[in-house]
2 protein chains.
Amino acid sequence: MESTAYTKRLLTYRLSLSHLKEVGLTDVFSYLIAGETGISAALVRKDLAQLKVKGKRRGGYEIDVILDAINNYFGDNTINRVVLAGMGNIGRAIVNYKNFENRRIKIVAAFDLDPAKQRKKYDVPVYPMEKCPDIVDKYRVNVAVIAVPAFSAQTVCDRLIQCGIRGIMNFAPVNLKVPDHVYISNVRLCDELQQVIYHSTKTNQ
Amino acid sequence: MESTAYTKRLLTYRLSLSHLKEVGLTDVFSYLIAGETGISAALVRKDLAQLKVKGKRRGGYEIDVILDAINNYFGDNTINRVVLAGMGNIGRAIVNYKNFENRRIKIVAAFDLDPAKQRKKYDVPVYPMEKCPDIVDKYRVNVAVIAVPAFSAQTVCDRLIQCGIRGIMNFAPVNLKVPDHVYISNVRLCDELQQVIYHSTKTNQ
DNA sequence: GGTATATTGTGACAATTTTCACAATTTAAA
DNA sequence: TTTAAATTGTGAAAATTGTCACAATATACC
């Protein structure tokens, strides 16, 4: 119960449902969500059942009910504060990324070794890594984004965890070693693109 | 056979093995890879067996043999050309991302509506979207990265496919609709981070 | 009101994926 | 040379995940 795949599907549903809502719909059928997301209608229904969302036979599901259930599942009622390590290409893109706001995700501070970047004005204050304990403590942060170069990723990771971080989104191409209580999600841009390349050459015709 | 999960694990192995090689190792045991990647030793062995890599009982596997097999599996002998749509935050980060080179992935051109961005000098030439057919044709490109805003993603996607693109890495928070012969990988930064937040609050104590 | 139709909800089943356990085999050491 | 130890390779079992099919039921229409 409650596998990562399930959690991921919920987020996929939310995306499509938000879209359908904007377009003016208020109710949906499982097969409509299926068509929109590529997930089978039966699985959609099972997921919604697990979420405790009830549909009406022949009437479908109310979009708002599903959305509320999903948002509630993810605890979207509180603001989620995040710190970021590494203001390189990816770090800056993340800091400027607008969509986080809708999800009540807020990047409260960034860390970077480079003093020039600390002085420069970004949308988020940039501190030296030494400030990490203070910041994490002050803002009650649990989650960090690692966007530093591969060679320093493990060190940065260790320091973050020492400061109390328990969830990490990692962009560095490294298999980070973390204690059991820390959840880690690796975003491997290279690997992702490589898989696309691989599968696109495999597709028939 | 040959599930996406398997393909993904191969890339994970490659990452760890490259690292172990740099550190000076030439041979590994399955349990060593397991410790490095978090994938169970038995599964590592099964994957290597499927890859047709042979180990020596009591002697382990040769790192170079595994790496060659993986690189060969992904067809790393040819240069993989990719185009990018959307020179916003993420698009620029992708264009500047250095790691693609090691994988023989080359971003040959980018597209953006904004004429200012077309004039500006990036590491990659920026064209208006109309040039898409020419460029894709000229460079024999199969794969594209979509980094445009959500509202225009489907339109851009359709045009790319019309030009012959058959693999897409999509950063726009949209469930794109594509024909069967097109492979799509969605990189949902928001969702990814949201999952980290979710799991990090769930972890015990 | 009655009947046909559409859709949910779910138990049984199928498929896939992973783990387990151990025989086979190699190497090292005694 | 024999024995002990370590590690692969793999068939069988377990677990997980998703699909199928259909009863239950609500709705719409005649």
Side-chain angles (χ1 to χ4, degrees), chain A residues 1-13 16-17 20 25-70 73 175 180 186 195 198-199 202, chain B residues 1-13 16-17 20 25-70 73 175 180 183 186 195 199 202:
Chain A
M1 295 263 167
E2 204 193 81
S3 65
T4 316
Y6 167 67
T7 306
K8 204 168 181 176
R9 284 197 300 274
L10 292 188
L11 293 167
T12 305
Y13 300 147
S16 287
L17 290 169
L20 292 175
L25 292 191
T26 59
D27 299 83
V28 285
F29 304 126
S30 59
Y31 63 79
L32 219 169
I33 299 180
E36 205 69 16
T37 59
I39 297 162
S40 80
L43 187 49
V44 169
R45 293 199 297 276
K46 281 227 159 135
D47 284 343
L48 292 179
Q50 188 174 338
L51 245 194
K52 304 261 187 290
V53 170
K54 303 247 181 269
K56 280 187 222 158
R57 305 205 183 214
R58 206 175 161 149
Y61 302 88
E62 274 184 65
I63 290 183
D64 278 336
V65 172
I66 305 178
L67 285 177
D68 284 353
I70 295 176
Y73 179 90
N175 290 318
D180 279 346
N186 292 298
Q195 284 209 55
Y198 175 73
H199 284 108
K202 284 281 172 180
Chain B
M1 294 261 169
E2 204 193 79
S3 66
T4 315
Y6 167 68
T7 306
K8 204 167 180 176
R9 284 197 301 274
L10 292 188
L11 292 166
T12 305
Y13 300 147
S16 287
L17 290 170
L20 293 174
L25 292 191
T26 58
D27 300 83
V28 284
F29 304 127
S30 60
Y31 63 78
L32 217 168
I33 300 181
E36 205 69 15
T37 61
I39 297 162
S40 81
L43 187 50
V44 170
R45 293 199 297 276
K46 282 235 157 128
D47 284 343
L48 293 179
Q50 188 174 339
L51 246 194
K52 305 260 187 288
V53 169
K54 303 247 181 266
K56 281 187 220 157
R57 301 199 187 219
R58 207 176 159 149
Y61 303 87
E62 274 184 65
I63 290 183
D64 278 336
V65 172
I66 304 179
L67 285 176
D68 284 353
I70 295 176
Y73 178 89
N175 290 318
D180 279 348
Y183 180 87
N186 290 299
Q195 284 207 55
H199 285 108
K202 284 281 172 180

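Convention: sequence-line order gives letters A, B, ...; per-chain numbering from 1.
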*Spacing of Phe29(A) atom CZ relative to dT25(D) atom C1', expressed in whole Å*: 14 Å
*To the nearest angstrom, how far is Lys8(B) atom NZ from dT17(C) atom C1'?*
15 Å
*According to a strict under-4.0 Å criterion, is Tyr61(A) in side-chain N/O contact with OP1 or OP2 of dA26(D)?*
no
Please list each protein N or O that sits under 3.5 Å from an N or O in nucleotides 28-30 of chain D, with the distance.
none

*asked:* For Ile66(B) versus Leu17(B), what's the shortest heavy-atom pair and its separation?
replied: CG2-CD1, 3.4 Å
*Mind checking what makes salt bridge (charged side-chain N to carboxylate O under 4.0 Å, His left out) contact with Arg9(B), not counting sequence neighbours?*
Asp47(B)
*asked:* Rounded to whole Å, how long is the line connecting atom CG of Asp27(A) with atom P of dT27(D)?
replied: 11 Å
*Looking only at heavy atoms, what is the nearest atom pair of Leu25(B) and Ile63(B), with distance?*
O-CD1, 3.7 Å
_With a 4.0 Å cutoff (strictly under), does any side-chain N or O of Ser3(B) reach OP1 or OP2 of dT17(C)?_
yes
*side chain to side chain contact (heavy atoms under 4.5 Å, CB included) between Tyr6(A) and Leu51(A): does it pass, once the steps are laid out?*
CA-CA 10 Å; Tyr6(A) 167 67; Leu51(A) 245 194; 3.6 Å; yes
_I'd like to check the side-chain contact (heavy atoms from CB on, under 4.5 Å) partners of Asp64(B); sequence neighbours left out, ordered by chain and number._
Lys21(B), Leu67(B)
*When you check the side-chain N and O atoms of Tyr198(A) and Tyr183(B), is any donor under 3.5 Å from an acceptor?*
no
*Could you tell me the separation between the CG atom of Leu32(B) and the P atom of dA6(D), rounded to a whole number of Å?*
15 Å
*With sequence neighbours left out, what residues match Thr12(B) under side chain to side chain donor-acceptor pair (under 3.5 Å)?*
none
Would you mind writing out the side-chain donor-acceptor pairs for residues 34-46 of chain A within the sub-3.5 Å range, not counting sequence neighbours?
unit_1   : atom_1 : unit_2    : atom_2 : d
Glu36(A) : OE1    : Lys177(B) : NZ     : 3.3
Glu36(A) : OE2    : Lys177(B) : NZ     : 3.4
Thr37(A) : OG1    : Ile33(A)  : O      : 2.8
Thr37(A) : OG1    : Ile39(A)  : N      : 3.2
Ser40(A) : OG     : Leu43(A)  : N      : 3.3
Arg45(A) : NH1    : Ser30(A)  : OG     : 3.1

*Establish, with yes or no, whether the OP1 or OP2 oxygen of dT18(C) is under 4.0 angstrom from a side-chain nitrogen or oxygen of Ser40(B).*
no
*asked:* Tell me which pairs pass ring-ring contact (aromatic ring centres under 6.0 Å, His included) where either residue lies in residues 30-61 of chain B, with sequence neighbours left out.
replied: Phe29(B)-Tyr31(B)
*asked:* Without decimals, in angstroms, what is the distance between Glu62(A) CD and dT7(C) C1'?
replied: 16 Å
Pairs under 3.5 angstrom, nitrogen or oxygen only, protein versus nucleotides 10-13 of chain C, please.
unit_1  : atom_1 : unit_2   : atom_2 : d
dG11(C) : O6     : Lys46(A) : NZ     : 3.1
dA12(C) : N6     : Lys46(A) : NZ     : 3.2

*Spacing of Leu43(A) atom CG relative to dT16(D) atom P, expressed in whole Å*: 16 Å
_OP1 or OP2 of dT7(C) under 4.0 Å from side-chain N/O of Tyr31(A)_ = yes
*asked:* Can you measure Lys56(B) atom NZ to dA28(C) atom C1' for me and round it to whole angstrom units?
replied: 14 Å
_Nearest-Å distance for atom pair CD/P, residues Gln50(A) and dT16(D)_ = 13 Å
